[in-house]
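Only one structure is covered here, and it is reproduced in the block below.
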Amino acid sequence: MSRVVALLSLSVLVLVGAAAPARAQGRSETLIVVVESGPNSMDIHGVGANRPAYQASWNLYDRLMTYGAKTLGDGTRMYDYNVLKPELAESWAIAPDGMSVTFKLRRDARFHDGTPVTARDVKWSFDRAVTVGGFPTFQMKAGSLEKPEQFEVVDDFTFRAKFLRKDKMTMPDLAVVVPAVFNAELAKKHATANDPWAMEWLKSNDAGSGAFRLESWKPGQETIYTRFDEWKPGPLPKLKRVIVREVPSAGNRRALLERGDADISFDLPPKDFSEMAKTGKVAVVSHPVENAFAYVGMNVKYPPFSTLKVRQAVAYAVPYEGVFSTAVFGRGVLLAGNPIASLTAGHDLFPAPYKTDIAKAKALMAESGYPNGFETTLSFDQGFATINEPMAVLVQESLAHIGIKTTIEKIPGSNWRNMLLKKEMPLFLNAFGGWLNYPEYFFFWNFHSQNAVFNTSSYQNPEMDRLIEAARFETDPKKYRELVRAFAKIEIVDVPRVPVFQPLLDVAMQKNVKGYQYWFHRQLDYRQLSKE
């Protein structure tokens with residue numbers, strides 16, 4: 001116990017020490033964020049960039065467009081995926097034939113080194129995104145932005161994107177995190193023959209024009225951002241400094257928040273959020289993560305999970321209610337196998353297709369050719385251990401009842417994405433949320449055979465591919481819904497992943513922190529936050 005107290009005291013001292021210079025310029029202008037796991041890169045295009053890296057990129061870099069905002073019935077705010085608004089672009093126009101869009105750039109936008117943002121920077125950045133491969137290239141492809149020839153510099157402040165096809169996702173896709181605009185000339189200075197896109201340098205350096213610039217980054221410890229006072233695409237943020245401190249212990253993060261030594265945190269255990277919401281010491285804002293689910297994933301490429309009945313047995317053995325009540329504390333939406341979450345079109349097509357049924361799971365194992373079970377590993381991202389660890393223990397215990405003996409493998413958060421990309425883990429826990437709120441977009445990322453990034457189950461099904469692609473361009477509402485229903489049904493039968501619950505994004509903050517808004521990337525936008 002004394003060791004825990006000592007560690008907590010040390011965390012407070014380090015955190016307060018880090019904030020000391022900020023107090024000199026006004027505590028009301030400094031935000032202190034405590035997180036479980038921080039960014040592993042400053043470059044959204046980097047290989048294996050993790051979810052905290054989205055937050056870094058969102059605040060350091062600008063995009064041509066962003067999303068609007070809306071107020072919900074409970075008074076909370078979220079992004080409006082039906083509204084696009086200017087950021088680096090002051091205006092845009094779709095060509096009469098619908099096959100291109102031309103952007104007029106702001107003439108007063110500057111990168112952090114003071115150089116103007118031009119159409120050449122936009123083209124270099126987009127060329128980079130569609131060329132480097134992996135996640136950024138597939139994200140651009142999700143909006144039919146696939147090759148450098150599509151991007152044209154008309155003049156210094158006019159940029160054109162030509163379309164390969166008419167795609168409802170193209171324009172929304174330009175407002176997500178990936179199409180960030182980099183300072184091309186600065187990046188080129190650090191490029192090499194073996195690294196033409198300056199991937200190594202941009203991993204830990206800032207080449208953006210965003211409302212915040214990178215002051216310092218100590219991986220695994222702390223990231224500090226300072227306001228860029230020359231930022232023009234929107235109202236200048238009220239915060240001058242943001243300190244993001246990595247505090248692995250959930251208990252320490254909660255204590256720092258409740259003592260007033262931290263301002264905001266969003267990755268505490270659900271139980272803590274539930275208790276804090278009741279006590280009222282801090283404000284707690286909650287929002288279901290649309291188009292998302294937490295799941296038990298299986299690698300269908302290799303035995304034993306290449307066997308359909310083994311996967312179905314796992315689906316009947318997963319302790320849905322236990323995970324939802326114990327690991328998530330009831331905060332979210334129980335899916336029990338439904339692959340389409342709430343707040344997404346067609347989410348109620350297959351309510352709870354599975355339930356925990358150990359007898360049925362054992363029968364399926366007997367029919368599968370593995371009547372005595374087998375041994376395997378069960379992996380999860382340690383960077384989000386507050387939910388993953390109790391979930392892993394519950395799944396491990398339940399699978400043991402049907403002869404599947406698992407060894408739990410904790411993967412450090414900084415390496416989790418790289419492990420997913422290797423697609424070597426046989427059984428794993430993960431969560432995925434789709435940035436564009438369409439079911440076919442979600443299925444493209446998770447179940448399309450051509451998706452080399454997040455199809456981490458190595459699932460291959462030509463009929464699934466056909467249905468996803470058809471839904472993407474279907475304009476008739478009835479036919480569209482039939483296509484969605486069809487590909488959802490295939491996933492439920494083939495079950496390469498077992499959807500368990502739709503997560504709830506909880507954020508706890510001091511009551512004087514204002515302006516919080518839920519975003520599709522589930523990270524903080526420092527531009528909107530302020531302290532009274």
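Applying the ring pair (Phe, Tyr, Trp, His ring centres under 6.0 Å) test to every pair with at least one member in residues 398-417, sequence neighbours left out, gives no pairs at all. Every pair passing ring pair (Phe, Tyr, Trp, His ring centres under 6.0 Å) that includes a residue from residues 268-293 is listed here, sequence neighbours excluded: His287-Tyr518, Phe293-Tyr295, Phe293-Phe442. Note on residues 360-391: pairs passing ring pair (Phe, Tyr, Trp, His ring centres under 6.0 Å), not counting sequence neighbours, are Phe305-Phe374, Tyr370-Phe374.
Annotation for Leu524 and Ile264: closest pair CD2-CD1, 3.9 Å, computed over non-hydrogen atoms. Minimum heavy-atom separation, Val289 to Leu504: CG2-C, 4.4 Å. Listed here is the closest heavy atom pair of Arg522 and Leu505: CA-CD2, 4.0 Å. Closest approach of Ser398 and Ile358 over heavy atoms only: OG-CD1, 3.8 Å. The nearest pair of heavy atoms linking Val178 to His45 is O-NE2, 2.9 Å. Considering all non-hydrogen atoms of both residues, Met425 and Ser379 come closest at SD-CB, 3.4 Å.
Residues Thr377 and Phe428 fail the side-chain proximity criterion, which asks for heavy atoms closer than 4.5 Å. The closest side-chain heavy-atom distance from Phe329 to Pro390 is not below 4.5 Å. For the pair Leu427 and Leu399, the minimum side-chain heavy-atom distance is below 4.5 Å. The shortest distance between side-chain heavy atoms of Met199 and Lys203 does not fall below 4.5 Å. When side chains are defined from C-beta on, Glu246 does not count as touching Gln221, because their heavy atoms never get closer than 4.5 Å. Side-chain atoms of Leu421 and Val47, non-hydrogen and from C-beta on, do get closer than 4.5 Å to each other. Between Val177 and Phe520 the shortest side-chain heavy-atom distance falls below 4.5 Å. The side-chain heavy atoms of Lys489 and Ile492, taken from C-beta on, include no pair separated by under 4.5 Å.
Side-chain atoms of Ser265 come within 3.5 Å of backbone N or O of Val34 as a donor-acceptor pair. Judged by distance alone, with hydrogens and angles left aside, the side-chain atoms of Asn291 form a donor-acceptor pair with the main-chain N or O of Leu436 at under 3.5 Å. Between the side chain of Asp263 and the backbone N or O of Met509 there is no donor-acceptor pair closer than 3.5 Å. Without hydrogens or angle criteria, Thr137 side chain to Ala129 main chain gives a donor-acceptor distance under 3.5 Å. The closest donor-acceptor contact from the side chain of Ser449 to the backbone of Gln460 lies at 3.5 Å or more, if one exists at all. With Ser57 contributing its side chain and Ala53 its backbone, the two residues share no donor-acceptor pair below 3.5 Å. Looking at Arg253, its side chain does come within 3.5 Å of a backbone N or O of Val247 through a donor-acceptor pair. No donor-acceptor distance shorter than 3.5 angstrom exists from the side chain of Asp267 to the backbone of Val35, with no hydrogens or angles considered. Judged purely by atom type and a 3.5 angstrom limit, Thr170 uses its side chain to pair as donor or acceptor with the backbone of Gly143. Without hydrogens or angle criteria, Gln150 side chain to Lys147 main chain gives a donor-acceptor distance under 3.5 Å.
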**OP:** Kindly determine whether Asp525 and Gln517 satisfy side-chain contact (heavy atoms from CB on, under 4.5 Å), including the steps that lead there.
**Re:** CA-CA 8 Å; Asp525 187 334; Gln517 176 178 307; over 6 Å; no
**OP:** Evaluate side-chain contact (heavy atoms from CB on, under 4.5 Å) for His448 paired with Asn455, printing each intermediate quantity in order.
**Re:** CA-CA 7 Å; His448 197 291; Asn455 182 357; 5.8 Å; no
**OP:** For Tyr354 and Tyr320, run ring pair (Phe, Tyr, Trp, His ring centres under 6.0 Å): C-alpha distance rounded to whole Å, both residues' side-chain angles, the deciding distance at 0.1 Å, then the answer.
**Re:** CA-CA 9 Å; Tyr354 289 100; Tyr320 301 99; 7.2 Å; no
Original post:
Passes side-chain hydrogen bond (donor to acceptor under 3.5 Å, both in side chains), Asp43 versus Ser41? Steps please.
Top reply: CA-CA 5 Å; Asp43 181 6; Ser41 176; 5.3 Å; no
**OP:** Apply side-chain contact (heavy atoms from CB on, under 4.5 Å) to Val507 and Val284, showing your working.
**Re:** CA-CA 6 Å; Val507 181; Val284 176; over 6 Å; no
**OP:** Could you walk me through whether Tyr61 and Ile44 pass the side-chain contact (heavy atoms from CB on, under 4.5 Å) test, one step at a time?
**Re:** CA-CA 10 Å; Tyr61 292 86; Ile44 190 61; over 6 Å; no
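Both tests pass for Lys70 against the ring of Tyr81: distance under 6.0 Å to the centre and angle within 45° of the axis. Cation-pi geometry between Arg331 and Phe501 is not met: the NZ or CZ atom fails to fall both under 6.0 Å from the ring centre and inside 45° of the normal. At least one test fails for Arg497 against the ring of Tyr459: distance under 6.0 Å to the centre or angle within 45° of the axis.
By the 30° and 60° cut-offs, the orientation of the rings of Tyr79 relative to Trp519 is parallel. Note: Phe138 and Phe444 have tilted aromatic rings, judged against thresholds of 30 and 60 degrees for the angle between ring planes.
Side chains of Asn299 and Glu424: no donor on one and acceptor on the other come within 3.5 Å. Side chains of Arg472 and Ser144: a donor-acceptor N/O pair is present below 3.5 angstrom, by distance only.
We find that Glu146 and Lys141 are not joined by a salt bridge, their nearest charged nitrogen and carboxylate oxygen being 4.0 Å or further apart. Ion pairing between Glu463 and Arg466 holds under the 4.0 Å rule for side-chain N and carboxylate O. Comment: Asp381 does not engage Arg51 in a salt bridge, judged by the lack of any side-chain N to carboxylate O separation of less than 4.0 angstrom. A salt bridge does not link Glu474 with Lys479: none of the charged nitrogens is closer than 4.0 Å to a carboxylate oxygen.
For the atom pair CG of Leu257 and CG of Asn252, the computed distance is 12.5 Å after rounding to the nearest 0.5 Å. For the atom pair Thr76 OG1 and Asp74 CG, the distance stands at 3.5 Å (nearest 0.5 Å). Atom CE in Met391 sits 5.0 Å away from atom CG in Leu429 (nearest 0.5 Å). With values rounded to the nearest 0.5 angstrom, Thr223 atom OG1 is found 9.5 Å from Leu60 atom CG. A distance of 9.0 Å separates NZ of Lys423 from OG of Ser457, quoted to the nearest 0.5 Å. Summarising the geometry, atom NE2 belonging to His521 is positioned 4.5 Å from atom CH2 belonging to Trp58; distances are rounded to the nearest 0.5 Å.
For the ring pair (Phe, Tyr, Trp, His ring centres under 6.0 Å) criterion with Trp435, the lone passing option out of Tyr441, Tyr54, Trp445 is Tyr54. Phe454 pairs with exactly one of Phe447, Phe443, Phe432 by the ring pair (Phe, Tyr, Trp, His ring centres under 6.0 Å) rule, that one being Phe432.
More than 12 heavy atoms of other shown residues, nucleotides or ligands fall within 6.0 angstrom of atom CZ in Phe473. Counting non-hydrogen atoms of neighbouring residues, nucleotides and ligands closer than 6.0 angstrom, the NZ atom of Lys168 exceeds 12 such neighbours.
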